[in-house]
Protein chains: 6
Amino acid sequence: KFGLAEREDQVGVVTGLAWTSVGGDLLSIEALRLPGKGRMKTTGKLGDVMKESIDAAASYVRSIAPRIGVKPPRLDSWDIHVHVPEGATPKDGPSAGIAMVTSIVSVLTQIPVRKDIAMTGEVTLRGNVLPIGGLKEKLLAALRGGITTVMIPEDNAKDLPEIPDNVKEGLTIIPVSHVTEVLQRALTRQPEAVDWDEEAEAAAAAAKAAERGSEGAAIAH
Amino acid sequence: KFGLAEREDQVGVVTGLAWTSVGGDLLSIEALRLPGKGRMKTTGKLGDVMKESIDAAASYVRSIAPRIGVKPPRLDSWDIHVHVPEGATPKDGPSAGIAMVTSIVSVLTQIPVRKDIAMTGEVTLRGNVLPIGGLKEKLLAALRGGITTVMIPEDNAKDLPEIPDNVKEGLTIIPVSHVTEVLQRALTRQPEAVDWDEEAEAAAAAAKAAERGSEGAAIAH
Amino acid sequence: KFGLAEREDQVGVVTGLAWTSVGGDLLSIEALRLPGKGRMKTTGKLGDVMKESIDAAASYVRSIAPRIGVKPPRLDSWDIHVHVPEGATPKDGPSAGIAMVTSIVSVLTQIPVRKDIAMTGEVTLRGNVLPIGGLKEKLLAALRGGITTVMIPEDNAKDLPEIPDNVKEGLTIIPVSHVTEVLQRALTRQPEAVDWDEEAEAAAAAAKAAERGSEGAAIAH
Amino acid sequence: KFGLAEREDQVGVVTGLAWTSVGGDLLSIEALRLPGKGRMKTTGKLGDVMKESIDAAASYVRSIAPRIGVKPPRLDSWDIHVHVPEGATPKDGPSAGIAMVTSIVSVLTQIPVRKDIAMTGEVTLRGNVLPIGGLKEKLLAALRGGITTVMIPEDNAKDLPEIPDNVKEGLTIIPVSHVTEVLQRALTRQPEAVDWDEEAEAAAAAAKAAERGSEGAAIAH
Amino acid sequence: KFGLAEREDQVGVVTGLAWTSVGGDLLSIEALRLPGKGRMKTTGKLGDVMKESIDAAASYVRSIAPRIGVKPPRLDSWDIHVHVPEGATPKDGPSAGIAMVTSIVSVLTQIPVRKDIAMTGEVTLRGNVLPIGGLKEKLLAALRGGITTVMIPEDNAKDLPEIPDNVKEGLTIIPVSHVTEVLQRALTRQPEAVDWDEEAEAAAAAAKAAERGSEGAAIAH
Amino acid sequence: KFGLAEREDQVGVVTGLAWTSVGGDLLSIEALRLPGKGRMKTTGKLGDVMKESIDAAASYVRSIAPRIGVKPPRLDSWDIHVHVPEGATPKDGPSAGIAMVTSIVSVLTQIPVRKDIAMTGEVTLRGNVLPIGGLKEKLLAALRGGITTVMIPEDNAKDLPEIPDNVKEGLTIIPVSHVTEVLQRALTRQPEAVDWDEEAEAAAAAAKAAERGSEGAAIAH
Ligand SMILES: [Ca+2]
Ligand SMILES: [Ca+2]
Ligand SMILES: [Ca+2]
Ligand SMILES: [Ca+2]
Ligand SMILES: [Ca+2]
Ligand SMILES: [Ca+2]
Ligand SMILES: [Ca+2]
Ligand SMILES: [Ca+2]
Ligand SMILES: [Ca+2]
Ligand SMILES: [Ca+2]
Ligand SMILES: [Ca+2]
Ligand SMILES: [Ca+2]
């Protein structure tokens, strides 16, 4: 099953693309949302750069939580576990960044990810998509694995002329410059935003605390 | 006693299969559930990959807690200790994943594990079973150790033609693709699910807190 | 005094047996119970495997706490410090496991350990005793050190024919398969069990909390 | 897009200048302010010296919080994540210090940073700007990347005679000795200070606590 | 001043004896008791074995706290810092154990240590004194440094015949087998014990809590 | 500006003296006091020995807090950050100890440090000043950097005959044996002590708690 596209749309399961000394490969990324305290766990023999890319992805997602329908305090009631299977194979590099964002958004919103899409691209804290290496090998692996659509960084579009024609004919290749474009295509439906005004929430919480204080004073009379 | 099947069905004791440079071996895995705070301890000279496979197994089990009859908050009142005896022998690799899941589910539910079954297979966060190496050596060790039934990853079924006939005749070999199939066969009885609706529970807790708040206000009159 | 049996029965002091490149030696193990928070401290230049054997011993003891007269919540009000003197000498290996269990049970129950007994054997999370290496050298060291009784793993009984007759005549050698047999012989008296039903305790605590809640409500009328 | 100036003024995004064995480069630094507990996270394969320069920048900013309109207790309700993209490229050294200060002040005040300015300079705990290496290479990279204004340490002004004329003509080069000069030029508007007297705040908090205490006593009559 | 006896009796300052490749030396050990939370800090380029000897010393002292006039809960309101000056010189080994005990007891009781006494000896968790190496070199350093009395492990008394006569004539050498003998001689006065019965204290605390509970219930009437 | 004396007296900024393979240098040390929880942060590529010297300095200062006008509980409401600029240059050794004490006392009391004074000397937990190396190189650097007064350890006074006459004529060299002498000269004014009796404070706190308890009981009538 590995090296092949998933069989159905699932929550938290995203297909990334890896590039190793022996060629490209599909990289299955899976996240779980668990009752918890806002902690992030990562497993799968991940190198430091990949772990940092998960940190960056997680911070980006926290920063847009209201836009995906999640009020920020809710994030402190869950843990997220991101695992990259085939636990004996070392994995590293920042190029799974946009897949990590997609996986985390999917588990937070419980919206499934389209199974026939793969993606590659580093992500910044603001969701911008940075170029990656090994485009040809990654696209070949996607084609071989039954993927129909691949999202790549817009800054890698300049490398497309070097990609064999049969690969470009077998795949829908979509250059993206921001991870919102990724989420629009990869999630099976779009999350609805919730209202959240940090300053207003802080003020409301302070007011409620003050009111409770005066009630407390009232007890004394 | 080591290298031989357990003498009785026990809670938390599962027989895995190891593959080393000197051949296959039975791997006794034991878990304990202790009063605690939701922590996981692992011992037995385990390498990082095996420790991560325990992390993945534990997250999978947390994610299905209601299905095995455990309300998630209950998990925070126990610690789990997973130990792999023969503490001087280094152990590593992800292939004990399904055995780890079985062991953890057994201690959480206090349902014993069948002593005549061994198992091998990496597990993902969603409970899928991934292929392993050293199938022949592991099956030989199982036969030698008095095991009658072995569960292997479905993706390793393709390796069965290379296994000697006497091994295949001496063992019931069951390919599995998901760890639920493992639990159905390895536990001496099936756990009953409990109702648990995270959103509803969160709402109920909020309502109860609000009610307590209005009672508090009532004191002031 | 080192390399010789203790001069009197003491709480928390147990004689183990070490096996090094230069032969066998008595290994004095001492534990202290201190007011604390359920933490375990280990010192004495212990290797990772010996530290893990103390972890396993401690979890086993926690799992049988009511059977040795200790209600589990009481464990959170003590720290335990296990020290293996001659702090400059590195020590490692799992074979002091049953001695660690005995030392911890002794400090928790405050029952002394018989000074003329030595012991060797790895322990599992369920208290089973696994075989060890260097039996001959260890028995020689026991004899030389004035020990009269040595407990060894039952799985090492097969090695007894190779032990010199004078050693076997000078020592009472007792093969054991479970650490309860060790405790029965090594402690100067047996601890009394206390009733403890985890589920019942949890239910009682919940009931008490609910009652307190209704009292709280009563204040409002 | 990398190696080029940002396309619009953004909150928390600052252009630094790196000097490596292969020449100078623009260094995009981005910070995010997230709901949290006053923690700092850093990612981007940063060396220890660069991480310490972020620590120093953060402490300097905390020390001037009221001057940029932030009451100190507010800092404990946010986490800050500083990321330096191109996560696979190692980065180190203290010379991004003033850029780190600018980035952190920008996210705390939510005031954007001018996109056409780059900067280089170590910062001390009191905001003084210390000299850096590789001035020529860094200025060349700035010019190449479409930057119009570069702030450099005043102590590097002595190196300007060695800079090619075309570079000095293409860039406005501003020597600075304190980071306040950097903030005045790099932020698109200046933050307004808030009143904050630590001693007075501590006294007020103590008084309020005492008052609450006497109310509590009043209940008893 | 280093390598010489202290000029006056001080609280927390103890003279140990070091043995290095270039001979013996006086080792000044100083402890401070600070308002805190029961933490131990150690500095002075100490090796792991010396740090563990401080851990063992601290646990021994905690275990005898009532005997030196300190009620155990009081220990949680202080931190202790043990420093061994000449911070650039690496120090290691367990032989300063009894000096560490003396230093910690001195700061806890605020009783000064006699300045003309030096001491060497490993300490166990029960206060027993174990033999050390380099006796001759250490005694020579003591004599040279103006020390008049040296406490050594009883098990090192067998090495005294090899010590030059002028050293034995210049020093009062006192073999000790337990650290209580050390405290009796090294402290300028003896601490008074306080009553402390752990079980009784726990019961009293529980009773007080129960009483408070019934008062709480009374409010409802 | 580096290698030169500060231009004005500042709070928390102290000039130390470094000795490296390429000669002596001025070492600017800066501390900040921030709202916090009693934590200490250190940056500037400091080696372990220098970090430990900061630990020792901090403990000494905590132990004399009332004498410099700071009630001990106040220390838990601040963090202190000690930074040694030129963050890319490794620094180590214990000889900045008295400068660290001066810097920490200055930020705690908010009393500036005289800009024309430099200092070198290891400090013990009791504030004693221990000798250092590289006296000649350090004094040369001080002279070169515009320093007028240098405090050195009294135990280094024996090295003064080897110092060139022009250096001794250009500098006021003050041997010190205790850090209180350093503070008297380096601070621009002397802090006033506050009354603080630890035992009395503990008793008062206990009494207040008891009183609150009896008030609580009164509610029930
Ligand atoms: Ca693969
Ligand atoms: Ca685009
Ligand atoms: Ca085996
Ligand atoms: Ca199947
Ligand atoms: Ca020995
Ligand atoms: Ca038996
Ligand atoms: Ca670049
Ligand atoms: Ca200027
Ligand atoms: Ca010395
Ligand atoms: Ca004696
Ligand atoms: Ca310099
Ligand atoms: Ca003096």
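Quick note on labels: first sequence line is chain A, next is B, and so on, each numbered from 1. If you're wondering where the values come from, they're calculated on a predicted model, not measured in any experiment.
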Worksheet item: Side chain, backbone, both or neither: which part of B:Lys45 has a non-hydrogen atom closer than 4.5 Å to chain C?
Response: both

Discussion item. The test is side chain to side chain contact (heavy atoms under 4.5 Å, CB included); show your working for C:Asp55 and B:His81 and say whether it passes.
Written reply: CA-CA 9 Å; C:Asp55 279 341; B:His81 186 158; 4.2 Å; yes

Practice prompt. Would you mind checking if B:Arg33 and C:Glu198 are paired as a salt bridge, meaning a charged N to carboxylate O distance below 4.0 Å?
Written response: yes

Worksheet item: Does NZ in B:Lys136 sit with more than 12 non-hydrogen atoms of other residues, nucleotides or ligands closer than 6.0 Å?
Response: no

Discussion item. Can you tell me if B:Lys37 has over 12 outside heavy atoms packed within less than 6.0 Å of its NZ?
Written reply: no

Response to the item:
Here the pair of heavy atoms bringing C:Pro72 nearest to B:Pro35 is CB-CG, 3.9 Å

Worksheet item: Between B:Gly44 and C:Glu52, which heavy-atom pair has the shortest distance, and what is it?
Response: N-OE1, 2.7 Å

Item to complete: Give, for atom CG of C:Leu125 and atom NZ of B:Lys41, the distance between the pair rounded to the nearest 0.5 Å.
Response: 10.5 Å

Item to complete: Identify which part of B:Thr42 has an atom lying under 4.5 Å from any heavy atom of chain C, answering side chain, backbone, both or neither.
Response: backbone

Discussion item. Looking at B:Val11, is its backbone amide N or carbonyl O close enough to the side chain of C:Arg126 to form a donor-acceptor pair, meaning the two atoms are under 3.5 Å apart?
Written reply: yes

Worksheet item: Should the heavy atoms of other residues, nucleotides or ligands under 6.0 Å from CG of B:Asp197 be counted, would the total exceed 12?
Response: yes

Worksheet item: Around C:Lys71, counting heavy atoms of other residues, nucleotides and ligands shown, do more than 12 lie under 6.0 Å from its NZ?
Response: no

Discussion item. Report which part of C:Ser59 has an atom under 4.5 Å of a heavy atom belonging to chain B: side chain, backbone, both, or neither.
Written reply: both

Worksheet item: Are the side chain of C:Glu122 and the backbone N or O of B:Pro85 linked by a donor-acceptor pair below 3.5 Å?
Response: no

Discussion item. Show, in sequence, the C-alpha distance, side-chain angles and deciding distance for B:Leu32 and C:Arg62, and conclude whether the side chain to side chain contact (heavy atoms under 4.5 Å, CB included) test is met.
Written reply: CA-CA 10 Å; B:Leu32 266 186; C:Arg62 280 173 71 196; over 6 Å; no

Item to complete: Heavy-atom distances under 4.5 Å only: say whether C:Asp48 touches chain B with side chain, backbone, both or neither.
Response: neither

